[in-house]
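Structure first, commentary second.
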Amino acid sequence: MNLGTDAPRMFRSLAEATCFGAKSIVDRFVEEGIPVKGIIGIGGVAKKSPFVMQMMADVLEMPIRIHQFKHTCALGASMFAAVVAGIYPNIEAAMEAMGRGFDVEYFPNAANAAVYRNRYNQYKTLGDFIAKEIAAKTAKPQHNAVTA
């Protein structure tokens with residue numbers, strides 16, 4: 001950024017940073033052996049910003065489906081309650097019966113994904129550098145006791 005950075009570029013940089021943060025989380029899940037096959041978006045930005053959702057799909061290099069229901073968290077809680085109450089044998093059956101589907105699905109654009117892959121590596125490098133700098137400046141100095 002510089003004095004000539006305009007609002008659209010500022011917005012784009014914030015959106016990219018948000019997507020890169022999400023990628024960092026997804027990468028950590030995968031590193032820990034938790035498979036992530038796709039993302040389901042709910043409410044807020046997921047419903048209101050196709051630009052950000054397409055960027056997220058490109059950065060994550062996986063599809064993102066946007067759920068139709070406005071109160072998705074409440075719907076999910078009611079699905080689990082229905083399973084506990086014995087109405088459905090498992091969460092998959094409850095999802096099939098109670099789910100409402102998706103409004104839209106975003107698929108990664110290969111050309112954009114390649115660009116974001118490079119930018120993500122830069123993001124991680126800068127993040128590691130900043131973390132080390134902060135750690136170095138906040139570390140308590142070691143005082144060696146001098147005995148006489």
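Just so you know, these numbers come straight off a predicted model, no measurement behind them.
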Exercise. Shortest non-hydrogen contact from Q68 to F102?
Worked result: CG-C, 3.5 Å
Could you pull out every donor-acceptor pair under 3.5 Å between side chains of residues 77-84 and any protein atom, sequence neighbours left out?
unit_1: S78; atom_1: OG; unit_2: A74; atom_2: O; d: 3.4
unit_1: S78; atom_1: OG; unit_2: L75; atom_2: O; d: 2.7

For this session: Identify the heavy atoms of I64 and M53 that sit nearest to each other, and give their distance.
Result: CD1-O, 3.7 Å
Exercise. Got a sec, which pairs hit ring-ring contact (aromatic ring centres under 6.0 Å, His included) with one end in residues 12-34, sequence neighbours left out?
Worked result: F20-Y120, F20-Y123
Problem set entry | Qualifying residues under side-chain contact (heavy atoms from CB on, under 4.5 Å), relative to N2, sequence neighbours excluded | T5
Problem set entry | E133: partners by salt bridge (Lys or Arg N to Asp or Glu O under 4.0 Å), with sequence neighbours left out | none
Exercise. Taking 4.0 angstrom as the limit, do D27 and K23 come out as a salt bridge?
Worked result: yes
Exercise. Linking I/L/V/M/F/W/Y whenever their side-chain heavy atoms sit closer than 4.5 Å, directly or via other members, would L60 and V45 fall into one cluster?
Worked result: yes
For this session: Work out which heavy atom in P108 is nearest to a heavy atom in A57; give both atom names and the distance.
Result: CB-O, 3.5 Å
For this session: Supply the atom-to-atom distance I39 CD1 to R65 CZ, rounded to the nearest 0.5 angstrom.
Result: 10.5 Å
Problem set entry | Closest contact, heavy atoms only, F69 versus T72 | O-OG1, 2.9 Å
Exercise. Under a single-linkage definition using a 4.5 Å side-chain heavy-atom cutoff for Ile, Leu, Val, Met, Phe, Trp and Tyr, are I40 and I25 assigned to the same hydrophobic cluster?
Worked result: no
For this session: Step through the shown structure and confirm whether more than 12 heavy atoms of other residues, nucleotides or ligands are within 6.0 Å of CE on M62.
Result: yes
Problem set entry | For N118, side-chain hydrogen bond (donor to acceptor under 3.5 Å, both in side chains) partners two or more places apart | none
Exercise. Taking only residues two or more places apart in sequence, or in another chain, which ones meet E32 in a side-chain contact (heavy atoms from CB on, under 4.5 Å)?
Worked result: R28
Problem set entry | Transitive ILVMFWY side-chain link V59 to F51, under 4.5 Å | yes
Exercise. What pairs with E61 under side-chain contact (heavy atoms from CB on, under 4.5 Å), at least two apart in sequence or on another chain?
Worked result: A113, R117
Exercise. According to the side-chain hydrogen bond (donor to acceptor under 3.5 Å, both in side chains) rule, which pairs have a member within residues 79-94, sequence neighbours left out?
Worked result: none
For this session: Sequence neighbours left out, what pairs pass side-chain hydrogen bond (donor to acceptor under 3.5 Å, both in side chains) with at least one residue falling in residues 38-56?
Result: K47-D103, Q54-D58
Exercise. Which residues satisfy the side-chain contact (heavy atoms from CB on, under 4.5 Å) test with P63, sequence neighbours excluded?
Worked result: E105, F107
Would you tabulate the side-chain donor-acceptor contacts of residues 11-19 under 3.5 Å, counting partners in other chains and residues two or more places apart, or write 'none'?
unit_1: R12; atom_1: NE; unit_2: E16; atom_2: OE2; d: 3.2
unit_1: R12; atom_1: NH2; unit_2: Y116; atom_2: OH; d: 2.7
unit_1: S13; atom_1: OG; unit_2: M10; atom_2: O; d: 2.7
unit_1: E16; atom_1: OE1; unit_2: R119; atom_2: NH1; d: 3.4
unit_1: E16; atom_1: OE2; unit_2: R119; atom_2: NH1; d: 2.4
unit_1: T18; atom_1: OG1; unit_2: L14; atom_2: O; d: 2.9

Problem set entry | Single-linkage hydrophobic cluster V52~V26, side-chain heavy atoms < 4.5 angstrom | yes
Seminar exercise, completed: For F129, the hydrophobic cluster (side chain heavy atoms closer than 4.5 Å, chained through members) also holds L126, I130, I134
